Amino acid sequence: MPRIFSGIQPSGELHIGNWLGAVQNWVTLQESYECIYCVVDLHAVTGKYDQATLAERTREMAIGLLASGVDPERAVLFVQSHVPEHSELQWLLNTITPIGELERMTQFKDKAQRFESVPAGLLNYPVLMAADILLYRADLVPVGDDQTQHLELTREIARKWNAEFGGGEEWFPEPKPLLTEAKRIMGLDGQSKMSKSLGNTIGLLDSPEEIWQKLRPAVTDPARVTKRDPGTPELCNIYHLHRYFSPPETVALVAENCRGARWGCLDCKRVLADNMIATLAPIRARALELRAQPGRVDQILGDGAAAARRIAGETMREVRERMGFLEAATHDSRLTTHD
Ligand code: TYM
C-alpha cells in the first residue's frame, strides 16, 4: 500500500487555508493509504518564536488535526521532535544538498528578507522537510501549492542519495505531491496567500463571533465601491470562499446577486459567515472536548511517536549501513562499572 507523509508547523493557528489545502485531504486519504502525519515543531523554530508557548501550540495543533478527523486508529500522528531520527537524517542529507539549490527556494528568499542575519536553519529548512518524508520512504505527500518547490527538491535529494548509496536501487522513493482544488487559498486581504505569518487568516477553531469579525472587513472585488456597483464574482476572494463552504445553489445565487448589484458585499459575507460557522461547528465542538483532555492528546502523540520511531529506526539502520558508518556495539554494562 503506498505510504503518505505530511506535516504542519505549530507556528500559529490551524487556519482554513491549511484545512482546505491539505488537512481535509489528509483525512480522506486515511481511507485508502497508510498515513503518517506530523506536527513539525523543529521547523517552527527556524525563525523567532516564543519558547513559552511552543509546547502548548504543538498540542493545540494536534488537537486541531484530531478534531478535523485525523484518526489515530487509522493514521500515525506524532510530534517531529519526539523522533530524533528526523534530525539525524537531515544532517546526512545536508552533506549531499547543494547550497545553490537551497538559496533558490522561493520561501527562503521571502523569509530571509525578514532577518538582518539569516539563520542557517532557515536555509536548511527544506532539507529537514526532505528528511521528514524520506525517513518514512513515503510515496505521496498531500500539501498546498506553496510546498511543491520543496517537494521537487526532496525528489532531487532522493535521486542524488540513491545514485551514491542506493546500490543501483531507487531505495528512497521519489515522493510526489498530492494537491487539491483548494491548493492556494487567498488571505482576507485578497492579495496574498492565507498565511499564519501574514495575519490574514480565519482560524479553523475560531468562534462564530471571531469568524464574523474577520470576514466583515475582508477585501472583495476592488471595483465595487458601493452596493449599486455591479461586481465580478471571479475577482472576489469572498466568492471563491463560498465555493468551499456554501452549497452550489447558494454559490450561483451569490454570483447572480453580485453581478446584478442586488446584494452588497456585506450581505454576501453574512451568508458566507453563516455557512462557514455551520461547516466548522462540529470540528470546533470536538476540539473543545479534546482541550479538556490534554492527557489523552499527549498519549495519542506518545503512541504515534513510538509507531513512527519503529519505521524511522529501521530506515536509519539501513541508511547508516549504506553510507558506511561503523555500527555501534551493544552496550555492555560490565565495561562501565568502576569497581
Ligand atoms: P505549513 O505549516 O505552512 O502548512 C501546512 C499545510 O497547509 C498548506 N497551506 C495552504 N494550502 C492552501 N492555501 C493556503 N493558503 C495554505 N497555507 C498553507 C501547506 O501547503 C501545507 O501543506 N514546510 C511545511 C511543513 C512540512 C511538511 C513536511 C509538509 C514540514 N515537513 C513534510 C509535507 C511534508 C509547512 O510549512 O507547512
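Bear in mind that the values here come from a model prediction, so they are computed numbers and not experimental data. Reckoned from all heavy atoms, side chains included, excluding hydrogens, waters and symmetry mates. Counting convention: from 1, in listed order, for ligands and their atoms alike.
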Sub-4.0 Å heavy-atom approach of [X] to ligand 1:
| X | answer |
| --- | --- |
| H150 | no |
| S195 | no |
| Q107 | no |

task = Look at R159 together with E174 and state whether they make a salt bridge at an N to O cut-off of under 4.0 Å.
result =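 E174 and R159: salt-bridged.
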
ask   = In the protein, which heavy atom is nearest to atom 28 (C) of ligand 1, and how far is it?
value =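 Looking only at protein heavy atoms, the one closest to atom 28 (C) of ligand 1 is M129 CG, 3.4 Å.
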
task = Note the single closest protein heavy atom to atom 37 (O) of ligand 1, along with its residue, its atom name and the distance in Å.
result =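 Ranking protein heavy atoms by distance from atom 37 (O) of ligand 1, first comes Q147 NE2, 3.8 Å.
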
Ligand 1 contact on M194 by region, counting heavy-atom pairs under 4.0 Å =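 The answer is both.
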
Test your reading of the structure: does [X] have an N or O sitting under 3.5 Å from an N or O of ligand 1?
| X | value |
| --- | --- |
| I185 | yes |
| K196 | yes |
| G17 | yes |

task = Return the option from N25, D132, I36, L42 holding the heavy atom at the smallest distance from atom 31 (N) of ligand 1.
result =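 Nearest heavy atom to atom 31 (N) of ligand 1 lies in D132.
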
query = Parallel, tilted or perpendicular for H86 and Y136, by the 30°/60° rule?
reply =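 Correct class here is tilted.
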
key: Parallel, tilted or perpendicular, as decided by the 30° and 60° cut-offs, for the rings of W26 and Y37   =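 Parallel: the ring planes of Y37 and W26 meet at under 30°.
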
inquiry  = Could you check whether any side-chain N or O of K269 sits under 3.5 Å from a backbone N or O of A218, counting only pairs where one atom can act as donor and the other as acceptor?
reply    =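 Checked: pair present.
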
